[in-house]
Amino acid sequence: MNLNILTVPGDGIGVEVTTEAVRVLEHVCKKFNHNLRLSEALLGGVAIHKTGGPYPEETSKMALEADATLMGAVGLPEFDNWPPEKRPERGLLGIRKTLGVYANLRPVKSYPSLLDSSPLKNHLVDGVDMIIVRELTGGIYYGTPRGITGEGGEERGTNTMTYTRDEIARVTRMAFNLARNRRKKLTSVDKSNVLETSQLWRRVVCEVAPEFPDVELEHILVDNCAMQLILRPKQFDVVVMENMFGDILSDEGAVIAGSIGMLPSASIGGKKPSGAWVGLYEPVHGSAPDIAGQNKANPLGAIGSVAAMFEYSFGLMDEAKAVYKAMETVLNSGNTTADLKPKGTPATTVQVGEAVCAAI
Ligand code: IPM
Ligand code: MG
């Protein structure tokens, strides 16, 4: 197959984890005889430095031309006091919107060798296997009006959480389809006891449900879901929710997986103007400026995102499985980065990338 992949390393540890993800990508392509064409573009803080803005036109063009995009991380402390529309994070929101990737799949699973890396009791974590489906191109992240107006005591910040029926229905169908091929249980998360957007959300999810009679559907309020994720995470199979709830709850998932460095994600559902499907693959973690450039960051979230790319963008299941399996082999060997609290000397970012390649 011809794979035309854009990499967008971004800021902080995004650069070093993407290097390892690309190492694995190249290794798999060589081994399985795929023709890989790589290009690289700017996004986030590095793009502000080099072009004046977080989301250069060129990046948007290249992402639309690529078959899939692999992102590292965005965000730098020097921009902490900048307004949202100028910050590095806006670049990520921009590329998600350009590609129309409305469903962000964030698998959270426990690896047997990492049970002790989670602060939760082993029996709670052992066997957890869920996918958080986060709506990614709507809701409060994008809604208008937004901004800060007025002054003094009347200065006012405004954001708008808004969803259309179609936006809810398409991500709901994506989640139902995933559940159908797994343990056939879908949990929809909302705050319908307070928010109108959530009332519409619940109504639309219920209307879509009869298309999937083989999948059991339940609804849960977001505050209760936050608690249940820690109390009884094994009850969840596929969990679907709006954008900001998904941002928050997926970080909680990191506690179950042992480290936020472990979590991959696939942002899918988008189509190019040509009609071709397109995907954006991004580890869940941020740019971690405190450890950037030190060869300490865990690249497995980024490497898992490469596996997800094989799976969702290209339907190359053998390649995806080879990567997932190699990741487990490396985890079992105990040769892991410091965030996973290995017994011996922690491995470096590069060592973990090389070990995954060696295990494939
Ligand atoms: C994530 C991140 C991003 C988000 C930031 C960096 C814009 O936290 O992917 O979870 O909020 O979507
Ligand atoms: Mg987040």
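Values below: every heavy atom of this structure, side chains too, minus hydrogens, waters and symmetry copies. In listed order, ligands and their atoms are each counted from 1.
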*asked:* Check this for me: does any side-chain nitrogen of one of Glu282 and Arg96 sit under 4.0 Å from a carboxylate oxygen of the other?
replied: yes
_So that I can tick it off, tell me whether Lys184 and Asp237 are bridged by a salt bridge, with the cut-off set at under 4.0 angstrom between side-chain N and carboxylate O._
no
*Scan side-chain atoms only and decide if Glu354 and His27 contain a donor-acceptor pair under the 3.5 Å cut-off.*
no
*Are Ser259 and Asp339 close enough that a side-chain donor and a side-chain acceptor fall under 3.5 Å?*
yes
*How does Met71 reach ligand 1, if at all, at less than 4.0 Å between non-hydrogen atoms: by side chain, backbone, both, or neither?*
neither
_ligand 1 contact on Arg134 by region, counting heavy-atom pairs under 4.0 Å_ = side chain
*Which residue and non-hydrogen atom of the protein lie closest to atom 1 (C) of ligand 1, and at what distance in Å?*
Arg106 NH2, 3.4 Å
*Which heavy atom of the protein is the closest neighbour of atom 8 (O) of ligand 1, given with residue, atom name and distance?*
Asp247 OD1, 3.2 Å
*Which heavy atom in Thr337 sits nearest to a heavy atom in Thr349, and how many Å separate them?*
CG2-N, 4.3 Å
*To which protein heavy atom is atom 11 (O) of ligand 1 closest, and what is the distance rounded to 0.1 Å?*
Tyr141 OH, 2.6 Å
_Does atom CG (Asn81) have a neighbourhood of more than 12 heavy atoms from anything else shown, all under 6.0 Å?_
no
*Could you go through the salt bridge (Lys or Arg N to Asp or Glu O under 4.0 Å) check for Glu16 and Lys296 one step at a time?*
CA-CA 9 Å; Glu16 51 214 271; Lys296 274 184 187 168; over 6 Å; no
*asked:* Between Lys234 and Asp129, does any NZ, NE, NH1 or NH2 come within less than 4.0 Å of an OD or OE carboxylate oxygen?
replied: no
*Less than 3.5 Å between some nitrogen or oxygen of Glu89 and one of ligand 1, yes or no?*
no
*Indicate the ring-plane relationship of Trp82 and Phe79, choosing parallel, tilted or perpendicular according to the 30° and 60° boundaries.*
perpendicular
*Could you please tell me which protein N, O or S atoms lie under 2.8 Å from the Mg ion (ligand 2)?*
Asp247 OD1
*Short N/O distance, under 3.5 Å, between Asp251 and ligand 1?*
no
*Judged by non-hydrogen atoms, does Met244 sit under 4.0 Å from ligand 1?*
no
_N-O pairing of Lys325 and Glu328 below 4.0 Å_ = no
